[in-house]
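Notes follow the structure.
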Amino acid sequence: LASVEAELSPHVSVPEGARQAVLKAVDRVGTSALSGGKTGVAIRAGRILKGMGVQADFKDLMGERPGGMAKWRSRGAKMLGSAREALAKTHEEPWTVEELEWLGTEEGEAFTRERDDFAHPGVAVSPRGWYRIESDCGYETLLAAASTIEDHHARLAAYFGEDPFVDARSGDVRQGLVRIVPDPSGLEAEGAPYFWAGGFQSGDTTVVSLAVGTVEGLGRVLTHELTHRFDGELHRGIPAWLTEGRAVWTAGAYGQIGDGECARDYANVGALRTSLGRGFAGRRNLERIVSGSPEDYRQNYTAGCALFIYLSTWFPGDATSLDEGEPVYADALREFEDGGKHASSEKGRFEEFVATFCDGEGGRAEDFEAFQ
């Protein structure tokens, strides 16, 4: 770095006040485009404003935190919503899986070229209408997501024991929306909450990134994010270690896309080894994780998964498999996630965890030290 520092340093400094001028200009362009029916331009402007506004809230920014960005985030989100609503009124009907499968190689390549941005995205609907998929990644990605996403949804419904989005009796569906983008800038433009995120869930909207990958890999990412959708509806307010840890587990707890159930005895060996190797199982680190204050949010993925595996599968000492006895903490875990409102403070979250899992009942630990 020292040898090339001069070359890496910026050669142009941004004048004082330029940032607001640029943001105002983008806003004017987007507003004008929206009123003039140029929805594609308005979508681009809205994504810029919304994405920059969200990024300005990142905790690990380099340099001084810019002020007043909440306003631009709000204006961008409103502009983007209006533009997409207008686009939906004029856009072609979503493609079905059957229609996409009829396209030949050259037709598929033409489809990809014609729908290469969110001003004119590729749009499809899953076979039973459970999901609408929008993407600027091309034909193959759109087809892969549309044809497989209901398999992942059905597996999660079986795991959770209910489907809050599809009524089996009436057939009524609360349709989910999946947006697939090709790179991190696409995630940022859609409002990713972390710079390193590979996808995120917001209500019924799922956003994931796929640049060069496989149908199976896309399925793991979708399963992770859709787990958040189920938890958000069925277990609102659960702590990050549980929501992220469970999502890491569900994303790996099946073999084939068509598998109807998660493998109950699946263990993510990487999460277990990493948690032990990096000291997440130590008293202080574990306490910080269950209190909702880990040194890095990403520890919730690894340590949370290891903790979830332990709580959901640890069986009595005289049993040799899950088939021979109910896991010691299983009932407590169900009570914990179904308990309604959860504590918001670090102290409250820790006390709630101890009260639930460290009560000495049914073979459970008598206190947190014994649990750790």
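Here the side chain of D259 pairs a donor or acceptor atom with the backbone of Q256 at under 3.5 angstrom. With hydrogens and angles disregarded, a donor-acceptor distance shorter than 3.5 Å links the side chain of T112 to the backbone of Y139. Side chain of T250 to main chain of A247: a donor-acceptor pair is present (N/O by atom type, distance under 3.5 Å, no hydrogens or angles).
Between Y131 and the options H152, E150, H153, a side chain to side chain donor-acceptor pair (under 3.5 Å) holds for only H153.
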Subject >> F371 vs Y310, ring-ring contact (aromatic ring centres under 6.0 Å, His included): CA-CA, chis, key distance, verdict >> reply: CA-CA 11 Å; F371 179 88; Y310 178 69; 5.5 Å; yes
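P127 and A146 get closest at one heavy-atom pair: CD-O, 3.3 Å.
R220 forms a cation-pi arrangement with Y254, by the criterion of a distance under 6.0 Å to the ring centre and an angle within 45° of the ring axis.
Under the 4.5 Å side-chain contact rule for hydrophobic residues, L156 and F165 share a cluster. Connection of I133 to L218 is established within a shared hydrophobic cluster, with ILVMFWY side chains joined at heavy-atom distances below 4.5 Å, either directly or through further cluster members.
Annotation: Q175, atom CD; neighbour count of heavy atoms from other residues, nucleotides and ligands within 6.0 Å is above 12. Counting non-hydrogen atoms of neighbouring residues, nucleotides and ligands closer than 6.0 angstrom, the CD atom of E366 reaches no more than 12 such neighbours.
P164 is linked by a side-chain contact (heavy atoms from CB on, under 4.5 Å) to F230, E233, L234, counting only residues two or more places apart in sequence or in another chain. Scored by the side chain to side chain donor-acceptor pair (under 3.5 Å) test, T302 finds no partners at all (sequence neighbours excluded).
In this structure, V215 belongs to a hydrophobic cluster whose other members, linked by side-chain heavy atoms under 4.5 Å apart, are I257.
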